[in-house]
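First the structure, in the form of structure tokens, and then the observations on it.
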Amino acid sequence: MKSVLPLALLIAASPLHALPRAADSALHGYVLGRFAYNDDRLDDAARYFDIARLRNPGDTSLALRAFGFAVDAGDERLAVDLAAKLNRSDGTDANVALVRLAEALKRRDWVAVDDIRPGLATAGYFVVLGPIVEAWTLFGRGHVDEALALLTPDKYTGFTRSYVAEHRAHLLAAAGRWNEAAGAYHGFLAGVPGASGIQYLRIGEADALDRAGRTAEAKALLDRHDGAQIDTARRKLDEGKRIGAVAPDPKTAIALMCGRLATDLSTDKPVPLALTLVRVASFLSPESATIWLLTGDVLARGDRRDAALAAYARIPNGDPLAATARTRRAEVLSASGREDEARVLLETAANASGANADSWSRLGDWYRKAMRHADAARAYGRAIALAPDGKAGWALYFLRGSSFEQAHDWAAAEPDLRRALALAPDEPAVLNYLGYALLDRGLTLPAARALIARAAKLRPDDGFITDSLGWADYRLGDYASAIATLERAVAAEPGDATINEHLGDAYWRAGRRIEARFRWRAAFDLGSDAKAKSAVAAKLDYGLDVATADASKGDGAWPTTTPSSRPPS
């Protein structure tokens, strides 16, 4: 152990380009592998750990670490090789069994699949994966009825039932039982909350309907939904071509299942198992843009940014998901501080021949997040002009209007915001934004409050909308109502500086000076905008009356109103 610290310190003090490219001992390889992993160089980490394993071949723990890094890096050859070796020395690791299972599925070696499947029993996901793998193995052997009998949703409970129902639909389609498949897809989509957002399921239903001779129904189904993959499927039908089955064979089906499991596991935070599952999915279906998109997403959520960019780059330009992948790449580049690269990527796509409304909308989103509000408004304007059939949705008018408002061009902002409201009269975001913008400018205060009140009724648990309603009461002089409402807003969003400042102002007007200063101190500590912090500091130093009086003299010391309404998320 005495040699570890000097080596680690030496590596930590060395520039990356000076690191040795090989390891001359197991310890050396181990330390280099850990350093490479922490530096987001997953390929190097896998290689160094494999070198460490080779230097100390009897150490199973090193072999397992090398295997794990190989999977994380997407190095299929090394992962499969190590899985075979580990199975001979220690066949109890479920992830090793999963990689071996994927390799057997690719070979269509159903005997091997049956032999390997029990090795997954220690994995938490086995309850889902076990019956579905068994069913697809039966399908591969030609035992379709037995496979379908195994995939009977009523036999299962909880989330397993959802996965089983989905794969029953896929299996019916793979077997060419088109009417049954269409019914199974439709029933699944109708019965599982959130399933309607998974585009490939709609596409699977449309393909089954078309193959059953119900092409008009397939087109009608696709016409009711949006998305790049939906558009591509619709175009194929219009051209008299087949859409194609979602999961025509066992390996593609299991890849989809692993991808969905990874997505479900990593919705809220990155989970190591999610990366293992999407990497195995990519081993099974390396031609799938959907799998590479999911892989990039999982890596990005885990802050493995270079690896995420590499995964997104696997999606070819002509694929329906290429535009989505480009947007995700831009997000990762921005998160890495490579803003110019992100901007050039999106600007190039928007200015390319044949660019559509989505390309300009994505560019507008980037400009908006970069606080380039005038540029964002222009980009959204191009998106509106290019909208299909000349009918832009409320969201584009809302985004352009809010960008104009943030750029201090109210004359251009108001018509767009009112157009968005006309198209979506019950959309809380539009109601709140327009109401707050009017309130911020002292325009038609009762009408502004009425808009915000409608938003609050539609979304009563939203702390920001509650804040807007309380601030409307404050501006109208009803301090008692303002305090009651703003206290609810602070309870919902205790970490927001503006809401705390608003409550402090209301307390001050009600004569509750100590409580007011407490809230202003919280707003100052929570704030990040220098100008807003200066305004709060003035209130802390001099009180609300003196601070606002000095600000109103126009000396630029403090803003005369609260910060402008928040941009849309």
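Everything quoted here is computed from the prediction, not taken from an experiment. Heads up: numbering here begins at 1 and tracks the sequence.
- By the 4.0 Å N-to-carboxylate-O rule, E427 lies close enough to R459 to be salt-bridged with it.
- For the pair A218 and L237, the tightest heavy-atom approach, listed with the atom from each and the gap, is CB-CD1, 3.8 Å.
- Counting heavy atoms from C-beta outward, F188 and P153 have side chains that stay 4.5 Å or more apart.
- Note on ring orientation: taking the six-membered ring where Trp is involved, the planes of F398 and W394 are tilted (angle from 30° to 60°).
- No more than 12 heavy atoms of other residues, nucleotides or ligands shown are found within 6.0 angstrom of NZ on K241.
- Under 4.0 Å is where a charged nitrogen must lie from a carboxylate oxygen, and between D264 and R260 at least one such pair does.
- You'll find the side chain of T160 reaches within 4.5 Å of the side chain of V128, heavy atoms only.
- At least one side-chain heavy atom of L321 sits under 4.5 Å from a side-chain heavy atom of T290.
- Counting only distance, with no hydrogens or angles, the side chain of T252 and the backbone of P248 share no donor-acceptor pair below 3.5 Å.
- Distance check: L261 CG to L265 CG gives 6.0 Å after rounding to the nearest 0.5 Å.
- Note on R305 versus D303: salt bridge recorded, some NZ/NE/NH1/NH2 to OD/OE distance being below 4.0 Å.
- L138 CG to L150 CG: the interatomic distance, rounded to the nearest 0.5 Å, is 6.5 Å.
- The two residues A102 and L284 have their closest heavy-atom pair at O-CD2, 3.5 Å.
- Using a 4.0 Å cut-off between charged side-chain N and carboxylate O, D154 and R161 make a salt bridge.
- Within the 4.5 Å cutoff, the side chain of L148 has no heavy atoms near those of the F139 side chain.
- Salt bridge present: K85 and D81 bring a charged side-chain N and a carboxylate O closer than 4.0 Å.
- Salt bridge status for R362 with D365: absent, with no side-chain N to carboxylate O gap under 4.0 Å.
- Rounding to the nearest 0.5 Å places CG of D340 at 11.0 Å from CZ of R338.
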### Message
Go through it in stages, so that I can follow the logic: the residues are H167 and W136, the test is side chain to side chain contact (heavy atoms under 4.5 Å, CB included), and I'd like the CA-CA distance, side-chain angles, deciding distance and then a yes or no.
### Response
CA-CA 9 Å; H167 279 267; W136 280 103; 3.2 Å; yes
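- Residues L309 and L333 have side chains in contact (heavy-atom distance under 4.5 Å, counting atoms from C-beta outward).
- For the residue pair S285 and E287, a side-chain donor N or O sits within less than 3.5 Å of a side-chain acceptor on the partner.
- Remark: the backbone N or O of G158 is not paired with any side-chain donor or acceptor of S162 at under 3.5 angstrom.
- Comment: E76 engages K106 in a salt bridge, judged by a side-chain N to carboxylate O separation of less than 4.0 angstrom.
- A salt bridge is absent between R100 and E103: the closest approach of a Lys/Arg side-chain nitrogen to an acidic carboxylate oxygen does not fall below 4.0 angstrom.
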### Message
Could you go through R234 and E239, starting from their C-alpha distance and side-chain angles, then the distance that decides it, and tell me whether this counts as salt bridge (charged side-chain N to carboxylate O under 4.0 Å, His left out)?
### Response
CA-CA 9 Å; R234 185 187 297 112; E239 294 171 355; over 6 Å; no
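- Of all the heavy atoms in R279 and A307, the pair that sits closest is NH2-CB, 4.4 Å.
- Counting only N and O atoms by type, the side chains of Y312 and R326 include no donor and acceptor under 3.5 Å apart.
- The heavy-atom pair separating A83 from V96 by the smallest distance is O-CG1, 3.5 Å.
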### Query
Under the side chain to side chain contact (heavy atoms under 4.5 Å, CB included) criterion, do W178 and D207 qualify, and how do the steps go?
CA-CA 8 Å; W178 306 116; D207 180 65; 4.1 Å; yes
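- Going from atom CG of D72 over to atom CG of L299 covers 8.5 Å, rounded to the nearest 0.5 Å.
- Side-chain atoms of W110 and P250, non-hydrogen and from C-beta on, do get closer than 4.5 Å to each other.
- Under a 3.5 Å cut-off, the side chain of T152 and the backbone N or O of A149 do form a donor-acceptor pair.
- Proximity of L172 to V144: side-chain heavy atoms (C-beta onward) are nowhere separated by under 4.5 Å.
- The distance from atom CG of L396 to atom OH of Y380, rounded to the nearest 0.5 Å, is 8.0 Å.
- Scanning both residues, I254 and I132, for their nearest heavy atoms gives CD1-CG2, 4.1 Å.
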### Query
Is there a side chain to side chain contact (heavy atoms under 4.5 Å, CB included) between L105 and R108 once you walk through the steps?
CA-CA 5 Å; L105 282 166; R108 299 178 65 84; over 6 Å; no
### Task
Go through the steps to decide whether S361 and D358 satisfy the test side-chain hydrogen bond (donor to acceptor under 3.5 Å, both in side chains), and finish with yes or no.
CA-CA 5 Å; S361 179; D358 285 343; 5.7 Å; no
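- The structure places CG of L82 at 8.5 Å from CZ of R77, a figure rounded to the nearest 0.5 Å.
- Salt bridge status for D231 with K236: absent, with no side-chain N to carboxylate O gap under 4.0 Å.
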### Message
salt bridge (charged side-chain N to carboxylate O under 4.0 Å, His left out), that's the test. Do D145 and R177 meet it? Break it down for me.
### Response
CA-CA 11 Å; D145 289 336; R177 293 164 63 164; 3.1 Å; yes
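- Checked by atom type, the side-chain pair W366/E339 shows a donor-acceptor distance below 3.5 Å.
- Across A379 and Y367, no two heavy atoms sit closer than the pair CB-CD1, 4.2 Å.
- Shown here is D238, whose CG atom has more than 12 heavy atoms of other residues, nucleotides or ligands within 6.0 Å.
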### Message
With side chain to side chain contact (heavy atoms under 4.5 Å, CB included) as the criterion, how do V71 and N95 come out once you've worked through the C-alpha distance, each side chain's angles and the decisive distance to 0.1 Å?
### Response
CA-CA 9 Å; V71 174; N95 290 342; over 6 Å; no
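- Residues S334 and K369 have side chains not in contact (no heavy-atom distance under 4.5 Å, counting atoms from C-beta outward).
- Judged purely by atom type and a 3.5 angstrom limit, W292 has no side-chain atom pairing as donor or acceptor with the backbone of A311.
- The residues D210 and R242 are annotated as not salt-bridged, no charged nitrogen and carboxylate oxygen being separated by less than 4.0 angstrom.
- Classification of the H170-Y200 ring pair by plane angle, with boundaries at 30° and 60°, yields tilted.
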